[in-house]
Structure formats: structure tokens, C-alpha cells
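What follows is a set of notes on a single structure, which appears directly below.
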Amino acid sequence: MQMIHSLDPLRRAVASLRAGGETLALVPTMGALHEGHMTLVREARRRADRVAASIFVNPRQFGANEDLAAYPRQLERDGAMLAAEGVDLVWAPTVEVMYPAGYATNISVSGVSEGLCGAARPGHFDGVATVVCKLFQQVLPDMAFFGEKDWQQLAVIRRMARDLDLSRPFADAIHGVATVREEDGLAMSSRNAYLTPAERAQAATLPRAMRQAIAAIEAGQDTAAAIAGLRLALLAGGFSAVEYAELRDAASLAPLAAPGPAPARLLVAARIGKARLIDNMPVANIT
Ligand code: PAF
């Protein structure tokens, strides 16, 4: 496995990986890899001949008061994990390679990026869309894999690929992979590392309370009341704040007062200790 930090060697390595007409998948990451990332890699390996992963902690998607400096960086360990999964190439550019002096272009996706994390983290999805578009241009993969834990991010990236007529990858070749969870249901996230042991135990309240709210909604309870119950359960369970808890159309992310004929999703962001945790789950549609 090669780990590459600058553009010319990347282009040469990509050309040689595809020299026999092989297909190439990209798994974009910010490192601090866990089993959730490995699931993306395995799915990429299942579908493509060659797999590249990127590791880049993208400063443009962090707000001024966010955790850019604290975000775990462990390139050597991440590289070993990716090599063990049979990844062919790791693209790990420096900030100067990704955003050289004079860099001035921003990609802003409206609609799906509004509300939810878009409201709580102004500029975040511009940073994500910009870096993912650049990663796609740099690696030119046939397909790409993202975790469904970042449901809104996935919608933003697909919209960007569609709107910019990207062909490497086509929007339809941007695959979401189901969230990988710990035994107690907590979604795997690099940010779980910020939790103390006590907070980590309390954090399992999030998936539990979401499942309870979903069961209530699916049983016909008023959605607003079920979500109010979810908020109370989180605050009682050790979370300090609930940033949002909303029922949305799963594809367009339009707000929903109640489930209807189209697939719906419950999306939540809440704070516990130093961590801001997000999660989302499907809510059965009513036909
Ligand atoms: O989900 C992530 O890890 C990041 O937002 C991504 C997609 C790699 C862009 O920096």
C-alpha cells in the first residue's frame, strides 16, 4: 500500500492502479479510523477492483470554536489499519497541498445543507462539499463510499455531484453505508474518543431514546410529543443540550410534521461532555 502526500505522485499512482482498466473506489475520511470506516473500506473492496482512502482533517469544515485542533490525528495507525484491509493507496495531502496560497474557491450547496447540522455549524457543508469535490477531482474514482451516520452530509455530496455533472464519480455511484454501532447501540464516531467513561456509558441514551421515539411515532403518537419526550430523555440521561431532533423526508430532508408515504428519517444532534454526537434512524413510512 502506498501513502501519498502530493499531487503528481498521486496522479501517477492512480494511473498505474487503473492501467489494466480496473475500477477504483474512494473512501474519504478524516482519519482517526474505527470499525465504521473499515466497513466502508470492505464495501468498497467488494464493489471495486482497487480501493483508495483519503485521510485529511479538513480545516474548512470546522467552525472557529470547533474541535479542529483537538481532532485526533494518528496517520501511522490509520495507515496500518487500511493496509490490513487491503487498501491500495492512501491519499493524505497536507493543508498546503489541498489549499495552496491564493486558494479562493468555495462550493456551496443550498437546500439540503440548510437546517440540522447546517444551522448549527455555519459554513460546515461548504467546507465538506469543497473538499469532497477536490478529492473527487484528485483521485477520479468510479465510485465513493460514505457513512450514513452523516446523513445530511451524504445528501449534500450527492446533490453537489448531481449539480456539477460530476462523472468521476457519478452521483449514483456515491454509496451510503449503514451506520456501525457499538454493542449498546451508540453510533461509532471518531468523536466518541472525547467522552469520559461515565459519559460514554450515558451516551447510549441517544440511540435508545431515538428508538423509543420512533416506536411511539410508528404506533401513531403525535410526532411533536414523541420528539419532546426524546429531548427530555436525553437531558435526563446526561446530555447537556439537544441541538436538534427532527423528523425529515429521508431524501429531500424537508421537515415533516408526521411520517407520510415517502421514507422519513429522525435526525438528532446532542451534546455530552466535550462531544457533540449526531445520529439518525429510519422511521417507517405510512402508505
Ligand atoms: O465524514 C468525514 O469524515 C468528512 O466530512 C469527509 C467526508 C471526509 C470530508 O472531509
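Order of appearance sets the numbers: ligands from 1, and atoms from 1 within every ligand. All values derive from a computational prediction rather than experimental measurement.
Atom OG1 of T29 and atom CG of N58 lie 11.5 Å apart (nearest 0.5 Å). Rounding to the nearest 0.5 Å places CG of L186 at 8.0 Å from CZ of R181.
For Y99, the ring pair (Phe, Tyr, Trp, His ring centres under 6.0 Å) partners at least two apart in sequence or on another chain are Y103. Legend: residues meeting ring pair (Phe, Tyr, Trp, His ring centres under 6.0 Å) with H124, ordered by chain and number and at least two apart, are absent.
Through direct or indirect side-chain contacts shorter than 4.5 Å among Ile, Leu, Val, Met, Phe, Trp and Tyr, L232 is connected to no other residue.
Residue R45 qualifies as open at atom CZ: its count of foreign heavy atoms under 6.0 Å is 12 or below.
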Between ligand 1 and the protein, give all atom pairs where both partners are nitrogen or oxygen and the distance is under 3.5 Å, as lines of names plus distance to 0.1 Å.
{"from": "ligand 1", "atom 1": "1 (O)", "to": "Q153", "atom 2": "NE2", "distance (Å)": "2.8"}
{"from": "ligand 1", "atom 1": "5 (O)", "to": "Q61", "atom 2": "NE2", "distance (Å)": "2.9"}
{"from": "ligand 1", "atom 1": "5 (O)", "to": "Q153", "atom 2": "OE1", "distance (Å)": "2.7"}
{"from": "ligand 1", "atom 1": "10 (O)", "to": "Q61", "atom 2": "OE1", "distance (Å)": "2.6"}

